[in-house]
Peer 1: 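One structure, pasted below without further comment.
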Number of protein chains: 2
Amino acid sequence: MESSLTISIQDYLKHIYELTEDGKNASTNALSERLNVKPASVTNMVQKLASVKPALVEYQKHQGVTLTKEGRKAALEVIRHHRLLEAWLVQTLGYSWAEVHEEAERLEHVISEDFERRMAAAMGHPLRDPHGELIPTADLVMPLEDSTPLSALRPKQKAKVQSVKNADAELLRYLENLGLLPGVQITVLDYSSFDHNLTVKAGAKVSVLGLNITSKIFVEHPG
Amino acid sequence: MESSLTISIQDYLKHIYELTEDGKNASTNALSERLNVKPASVTNMVQKLASVKPALVEYQKHQGVTLTKEGRKAALEVIRHHRLLEAWLVQTLGYSWAEVHEEAERLEHVISEDFERRMAAAMGHPLRDPHGELIPTADLVMPLEDSTPLSALRPKQKAKVQSVKNADAELLRYLENLGLLPGVQITVLDYSSFDHNLTVKAGAKVSVLGLNITSKIFVEHPG
DNA sequence: CGATAAATTTAGTATAATCTAAAATAGATT
DNA sequence: AATCTATTTTAGATTATACTAAATTTATCG
Ligand SMILES: [Mn+2]
Ligand SMILES: [Mn+2]
Ligand SMILES: [Mn+2]
Ligand SMILES: [Mn+2]
């Protein structure tokens, strides 16, 4: 069990996890884009991950990949590191939620299990990272999420921002300015069926948001 | 200037720095031992470091290497990261001085300059790491050290422990038990010219220490 | 000095991860 | 079904680092 996967492999597994959360297979091209690696290289690596002793992925030519149980555990280990690190960096070094991601991206591969335990304990075992994303438990289980994309809400509905997914630093800074942070209560004021824009009130601020923003913001208790 | 040296190269430079602190060249074999890499591999890497555009080391066949100005800056950058990390892990996550080294060894290569600045600021720009070793300044200058190996002291002399160098976790735990920590006042009670053992009092505890311990403990103001 | 040992270097091989260019396949469109 | 396009795979090359075995150089010592 003391295999210690390479950083590269850890990154592949993490992105495969994220791309297969919706139940679909992770395609070569999608992985290529996320990993900033050419498709040919992805095929290569994916074939290797499928043929190592305890296989890390299930692979069928031209059909993309899914994680095996072992692959999923390894992915969740990296994701737990990543999200705990994000929370930790924000709390102890004053990083903003827009800045932490990049730093955690590199640290996630090199911290020890001891480091992981110490961070978790020091923060009182937080459930979510600064972007509101769930942190896999110490025994590597991803808690169930119960949230709705903001894009599904319609005028009059109120909800609480729970998380912002896959947002780049630029967008996170933008959202912060609009007061759209995890935990904030919002109300939908208007909806345009033509462009799917939503007019949203958060605190005193009112903003009109396009679909490629509202689909990345997740809320709880729409009502 | 945005070269970003590989982790391997960073480790070579760091160890070359340490091996050349005494003014001598770092030999292939010495590096091989420290880096846990075969001598042939060291020769290979060292030749490469000598021939990159701004050379990182000065190399002459069979004579070992020294650092160039560029090589030294790169080494000090890694050492600054390492020592700040050690201090930070001890202060914020409760690591013991025996445990931090290994963790810092991996983190030193992946933290950003921003991370470095934040740590330094959060700790009030510490001068020394948990082992009492000097931390290179932000502009990568190693402050002057003024200390004496404990092995040079003789009975009746008093001094303050300043640092413990190159000690493994085992030894650090041992010294901690004997109360031999940086900042502690000690008195030499006895000396044996046959085996170079020193009898040393620290607080209430008296210990007899051999040369391979007393040569790793450095003290200030022997008097 | 000259033999022997120790340290170092050379030469050739291996592994991991990536790339480019070309070939093959799958999916969509007429 | 035939064709075009997008996706994926194969094949072969490249870069970085390390290894083993053999050759060479330097150091030591009788
Ligand atoms: Mn990563
Ligand atoms: Mn995140
Ligand atoms: Mn140290
Ligand atoms: Mn290191």
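Below, chain A is the first sequence line, B the second, and so on; all start at residue 1.
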Peer 1: Among all residues two or more places apart in sequence or in another chain, which pass the side chain to side chain donor-acceptor pair (under 3.5 Å) test with B:N25?
Peer 2: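 By the side chain to side chain donor-acceptor pair (under 3.5 Å) rule, B:N25 matches no residue at all.
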Peer 1: Of all nucleotides in DNA chain C that come within under 4.0 Å of a heavy atom of chain A, which is furthest toward the 5' end and which toward the 3' end?
Peer 2: C:dA16 to C:dA26
Peer 1: With a non-hydrogen cut-off below 4.0 angstrom, is A:S41 in contact with a base, only sugar-phosphate, or nothing?
Peer 2: base
Peer 1: Considering only heavy atoms from C-beta outward, does the side chain of B:Y174 approach that of B:I213 to under 4.5 Å?
Peer 2: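 Of all side-chain heavy-atom pairs linking B:I213 with B:Y174, at least one is under 4.5 Å.
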Peer 1: Can you tell if the side chain of A:V65 reaches within under 4.5 Å of the side chain of A:L31, non-hydrogen atoms only?
Peer 2: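 Heavy-atom side-chain distance check passes, below 4.5 Å.
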Peer 1: Atom CG of B:D11 to atom C1' of D:dA18: distance rounded to whole Å?
Peer 2: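 Distance check: B:D11 CG to D:dA18 C1' gives 14 Å.
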Peer 1: Taking NZ, NE, NH1 and NH2 as the nitrogens, is one of them in B:R128 or B:E133 under 4.0 Å from a carboxylate oxygen of the other?
Peer 2: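 Here B:R128 does not pair with B:E133 in a salt bridge, since their nearest N and O are not under 4.0 Å apart.
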Peer 1: Just wondering, do A:H131 and A:E86 contact through their side chains at under 4.5 Å, heavy atoms?
Peer 2: yes
Peer 1: Apply the salt bridge (charged side-chain N to carboxylate O under 4.0 Å, His left out) test between B:K14 and each candidate in B:E108, B:E77, B:E21; give the one that qualifies.
Peer 2: B:E108
Peer 1: Between B:S27 and A:K61, name the one whose nearest nucleotide on DNA chain C is closer to the 5' end.
Peer 2: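 Taking each residue's closest nucleotide, the earlier one in sequence belongs to B:S27.
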Peer 1: Going by side chain to side chain donor-acceptor pair (under 3.5 Å), name the residues that satisfy it together with B:D139, two or more places apart in sequence or in a different chain.
Peer 2: B:T137
Peer 1: Of the residues in residues 46-59 of chain A, which ones touch DNA chain C at a heavy-atom distance under 4.0 Å?
Peer 2: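 Those residues are A:K48.
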Peer 1: Could you list the donor-acceptor pairs under 3.5 angstrom formed by side chains in residues 48-64 of chain A, with sequence neighbours left out?
Peer 2:
| unit_1 | atom_1 | unit_2 | atom_2 | d |
| --- | --- | --- | --- | --- |
| A:S51 | OG | A:Q47 | O | 3.0 |
| A:S51 | OG | A:K48 | O | 3.2 |
| A:Y59 | OH | A:Q47 | NE2 | 3.4 |

Peer 1: So, for A:W88 and A:Y95, is the gap between ring centers shorter than 6.0 Å?
Peer 2: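 When the ring centroids of A:W88 and A:Y95 are compared, they turn out to be at least 6.0 Å apart.
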Peer 1: Do any of residues 33-40 of chain A sit with a heavy atom less than 4.0 Å from DNA chain C, and if so which?
Peer 2: A:V37, A:K38, A:A40
Peer 1: In whole angstrom, give the distance that lies between atom CG of A:N29 and atom C1' of D:dT8.
Peer 2: 7 Å
Peer 1: By the 4.0 Å heavy-atom rule, please label B:T43 as base, sugar-phosphate, or nothing.
Peer 2: base
Peer 1: Checking A:E103 against B:S112: is there a side-chain donor and acceptor pair closer than 3.5 Å?
Peer 2: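 Short answer, yes.
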Peer 1: Reckon B:Y12 has a side-chain N or O less than 4.0 Å from the OP1 or OP2 of D:dA16?
Peer 2: no
Peer 1: I want to confirm an ordering. Mapping A:Q63 and B:S8 to their closest nucleotides on DNA chain D, which one lands closer to the 5' end?
Peer 2: A:Q63
Peer 1: For the backbone of A:A75 and the side chain of A:Q10, can you confirm whether one donor and one acceptor N or O come within less than 3.5 Å of each other?
Peer 2: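 Checking the backbone N and O of A:A75 against the side chain of A:Q10, no donor-acceptor pair under 3.5 Å is found.
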Peer 1: Between B:T6 and D:dT17, is there a contact of a side-chain N or O with OP1 or OP2 at under 4.0 Å?
Peer 2: yes
